[in-house]
Structures are given as structure tokens and as C-alpha cells.
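Please read the structure below before turning to the comments.
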Amino acid sequence: MEPPAGVRLYNTLTRAKEELHPVSAGNVGMYSCGPTVYRYVHIGNLRTFMIPDLLCRTLEYLGHRTRQVMNITDVGHLTDDTFDRGEDKMLVSARLEKKSPEEIAAFYTQAFREDAATLNIRPAAEYPRASHYIPQMIELTTKLIEKGHAYEVDGTVYYDIASFPAYGRLSGNSTDKLLAGVRGEVDPRKRHPGDFTLWKAAGEHRLQVWPSPWGPGFPGWHIECSAMSMSLLGDRFDVHSGGADNIFPHHEAEIAQSEGVTGHRVVSCWMHGGLLLLAGSRMAKSAGNFFRIRELEEQGFDPLAFRYLALQAKYRTKLNFSTDGLAGADRALRNIREHLIEWTRAGDVAAGEGTDDAALEKRFRSAIADDLDLPEAMALVSELTRSKVAPGVKARLLRSWDRVLGLDLERPEPRRALPPGAAEVLAAREKARAAKDFARSDQLRDELASLGIAVIDTPEGQRWRVQAVRQGSK
RNA sequence: GGCGCCGUAGCCAAGUGGUAAGGCAGAGGUCUGCAAAACCUCGAUUCGUCGGUUCGAUUCCGACCGGCGCCUCCA
């Protein structure tokens, strides 16, 4: 094996692409902000979760080993949220019946893992849960107080951002201008309006409360990631990823916490994914303008079409989602699948013509190594398709690339059941065609179309496929 | 108000100081009994607007217009 190839990644902290130099050579440790498991994840969340997946796949393809940790936030959000549309009725009632936060978290964690798997996002090596790291969070908070980065008032501990000069570097904010005008009421106990909570004294209606040196309470919103990332990956690790909305305040706070305790740089590279937009606005749980991957599946889309769609855009830019766009990706994906089947069937791996494949492979590798340039990689897939490379070689190359793309191109197409009566119509049409009764044959084809069955005539006879039932147009 | 991102063909979306990837849609053709699928060919003299730098800018700088995001839980 050749040594691992260099990978360049865009670092939000420096706003530049940097060569990745793992703390432990050839072995990349990465931490990713995962879901808050009190609701379902939507496709915007999933797009962000694709980043560590694609990074792991890329690194492994290029000869590195990886260790991916993704946190599950199961603390702090279960007070009195309003219900989502489309939420499982059982869950609504479960909550109304005061089911435990643990039960809620377990349910949505499972749903998240299933949704991720549907998009062929490989599981992380570990999924630490915030609720299991309370002692570590208390420990970090204690150290921050000792080091003069935090102070306690009435059982609540605040981070003193004035004590950490680099605060604001990640997001470009400066502490003096921060929050100048927008905030409503400022907690009068804070020394600076931008100080954030490390530990919060428990209020009246809290479901989750833990004892602490400062009295009963629960951890602040940012400390969990400092605790879990350093507990599992050490106080120096390579990559931390999340959505662009996490840059401030979440990751800014995390840097202040982790570096405040250790006194040195903890994360080498901060990667942030662009948000998914729906009709020009951010897809968000709170706004209610989101799709679950299950919903798209129910509308008849191949869930991996969303993956295809996401791969066509740079992970860092916002992406305008529409079901029309998804339909295009769905079609393109199906097309590639059929190509692969044909090439495999053709099967000749004859060397002669396939001289371009080495060059294509090289370009593919350099594309993915360049800050995960999947749009370029996808363009190469098209170039490969149109190239003169021998079919067998095309098939081999595409299968190899799919280890990175994760489109599961060899997945057998799910056979949809024929609607009632359709089999008889198909049989009748076959007879009509045998008798060269084309008028009858065409009429039956129309009839099948109205049942949602597309019929294609081939030299080997008619082939049929149950069409996806799409909502809306067509 | 502060900070950050963006404005490229009908839609989605790459990209570069030297003259615009890719996908979907669309048009023509091959194939087909007819279709469909597939395959082949075609599309921005132009990259929000106006200036500036430059031999040359879509790419650099400035202004302006427009959109989005963060500053409150949020991928």
C-alpha cells in the first residue's frame, strides 16, 4: 500500500483550505455534532450528518484510518415544546402522558439511526449521549471556575467570555460589539451579556435534574461537546464538524471551554456544512418547513436520490431543496444504476481500450482529497459514463468510487407489488403483441399507465415497472 | 445594529485572472409497429448592477441592488 494521500479541508477557523495533518499519523479522529433527540431529524440535518460520513469514506479510500464520534444530545430540551406536524401520534400521547425523557430520547435516537441508514450514512464508531457525561461536564465546569474562566451566581455557573481573548475568532464576532442591539432582556447576573451558561440551577418544571457542587441543576448547552469530545478523542483531535448554524454560539463556546481548560488548541479543523433551504428559507424544525427522509420515500422517491442531490453541491454552500430537483436526482440515480447493470452484464474487462481509467481514478482521488469536492467527483461519474473505457472497467471503477459516494449503486431495485388486476392486463397485452394487434396493445399500455405501470417493449418482450406515486404534478 | 455567506443558462449547481463542469428539464436525430428507455448532437458571446485595477475579470478591489444565515434551542 502506498502511504495515505494528503487531504485538504476548509477550516472555518482560518477561512482557508489546510492540509490535514492528523495528530496521530494516518489515523484521523473526528467529532460531529449529532441530533438533539426530542424530535425527528429532517433532511437538512441529514445533509450535515453526511459530512463526517463522506470524510470518513474519503479518508479510508485514500488509505487513512478514522475514528468518528457523533454525540447524541439527550439533555436540556424537554421542557414544554410544541408538537411537530406529522409527529407520531403515539409519541404525542406518550409525552402528554409524561413519558420519561429517557424514553423520548431512546425513541428518537432509534429513528435518527434508521433515517441515517436510509441515506447510507455509515454509523459512527461511537454515539456518546450527553446524559452519560454529566460528571465530566461538572469536572470541566469546576476547572473553568478554578482557572478564572467561569463564575457562579445563585447555583448557576457562567462562562466569563472576557477571560478568553480568542472568543469570537471562529465566528468573526467581537465581544464588545456582540449582542449590541438584538437581545431582549439580559440576565442581570451576567458580567457580560455574552457570557453563557455552563451549569444552570434547576427551575420549577425541569424533568432532568442532577446534583452538582452548585446545587441541583442541569448542564448548559455547549459544555456537553467539550466533555464528550475530549473524553473520547483526547484533548487534541483532528476534525470537528457541524452545521453552519452551530458556528455561533455553540462552537465558539466549545472552543472557549475546551481551550480554557487545557490551555491549548484542541480541534485542528472546524468543518461546517451549509444549510438546506426550502423555498429560499432555512429548513428548520422550529419553522416546521421540513421533510423527513421517510416522507420523501413515501412520496415515491428513492431516498438515496437525496444523497445524490446533496453530492452535486459543495457541502459548504447552502442548497436549495425542491421536490422537482429531487425528482431530477432520482432519475439520474436510476440511470446510473441501469448503466452499472449493463456494464456488468457486458463484463469484458479487456484492457486495450480502457486506458483512460487510470487517469480518471487519479482525478477522482484528487477531487475528493480537495475539501471533499464531490460535485467534481459526480462530474467524473458522468465523464466516465460517456467515455470509451471498456464496460467492465467502467463497472469496476464505478463500484470502487461508490465506496466514497455511498449511493449503494448495486442495491437491487425494490420490487413493487403489482396493483390488483394488473397482471391480467399485462398478460392480455403480451397476447395482443404476439398477435401483432398493436391497437389493442397500445390501448392496454394506456390502461396500465393509468394503474401506474410503465411498460417498455424490448426485443425480449415487454418489461414493466411500477412507477413511483408522486404527489402533486404529473 | 454586529458578524458571516451568496447572487452563474428554465431549475439545481461547479469553477477559474485568459475567455464558462455536471445533473434535471427542453429541442433535433438514431432506434422502435408506435412509444418509452437508451445513445448521439444542440444551449449562457455570458456569470446581479455600476465603476476601478489589469494586456485581459465571471474570477481581484470598491460602491450599490437583491437574497440567506448567525447573534435565542436549532444540522
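Chain A is the first sequence line, chain B the second, and so forth, proteins listed ahead of strands; every chain is numbered from 1. Fair warning: this is a prediction, and the values are worked out from it, not measured in the lab. All values below come from the heavy atoms of this structure, side chains included, with hydrogens, waters and symmetry mates left out.
Pairing of B/C3, defined by two Watson-Crick or G-U wobble distances under 3.5 Å, is identified with B/G69. Across all strands shown, B/A38 forms a Watson-Crick or G-U wobble pair, both distances under 3.5 Å, with B/U30.
Using a 4.0 Å heavy-atom criterion, one finds that A/Ala332 contacts the sugar-phosphate atoms exclusively. Here A/Gly325 lies out of heavy-atom contact (under 4.0 Å) with every strand.
The phosphate of B/C73 has neither OP1 nor OP2 within less than 4.0 Å of any side-chain N or O from A/Thr36. Contact check, A/Arg331 against B/A25: a side-chain N or O comes under 4.0 Å of OP1 or OP2.
Donor-acceptor pairing under 3.5 Å, judged by distance alone, is present between the side chain of A/Arg433 and the base of B/G33. Applying the 3.5 Å distance criterion, the base of B/C34 shares a donor-acceptor pair with the side chain of A/Asp457. Side-chain N/O atoms of A/Asn173 and base N/O atoms of B/G4 include no donor-acceptor pair closer than 3.5 Å. A donor N or O paired with an acceptor N or O is found under 3.5 Å between the base of B/A35 and the side-chain atoms of A/Arg445.
Atom name P, nucleotides B/G15 and B/A9: the rounded distance is 16 Å, in whole Å. Taking atom C1' on both nucleotides, B/A38 is separated from B/C6 by 38 Å, rounded to a whole Å.
Rounded to an integer number of Å, the gap from A/Leu277 CG to B/C70 P is 10 Å. When the C1' atom of B/G69 is taken as reference, atom NE2 of A/His272 falls 13 Å away, rounded to whole Å. What separates CG of A/Asp302 from C1' of B/C24 is a distance of 16 Å, to the nearest Å. Protein atom CH2 of A/Trp270 is 15 Å distant from nucleotide atom P of B/A75, rounded to whole Å. The nearest whole Å value for the distance from the CZ atom in A/Arg15 to the P atom in B/C70 is 15 Å. Put simply, CD on A/Glu376 is 11 Å from P on B/A21, counting in whole angstrom units.
For A/Arg445 and A/Asp457, the salt-bridge test passes: some basic side-chain N is under 4.0 Å from an acidic carboxylate O.
Heavy atoms of other residues, nucleotides or ligands lying less than 6.0 angstrom from CZ of A/Arg440 number 12 at most.
In this structure, a donor-acceptor pair under 3.5 Å is absent between the side chains of A/His251 and A/His222. Judged by distance alone, the side chains of A/Arg433 and A/Gln462 never bring a donor and an acceptor atom under 3.5 Å apart.
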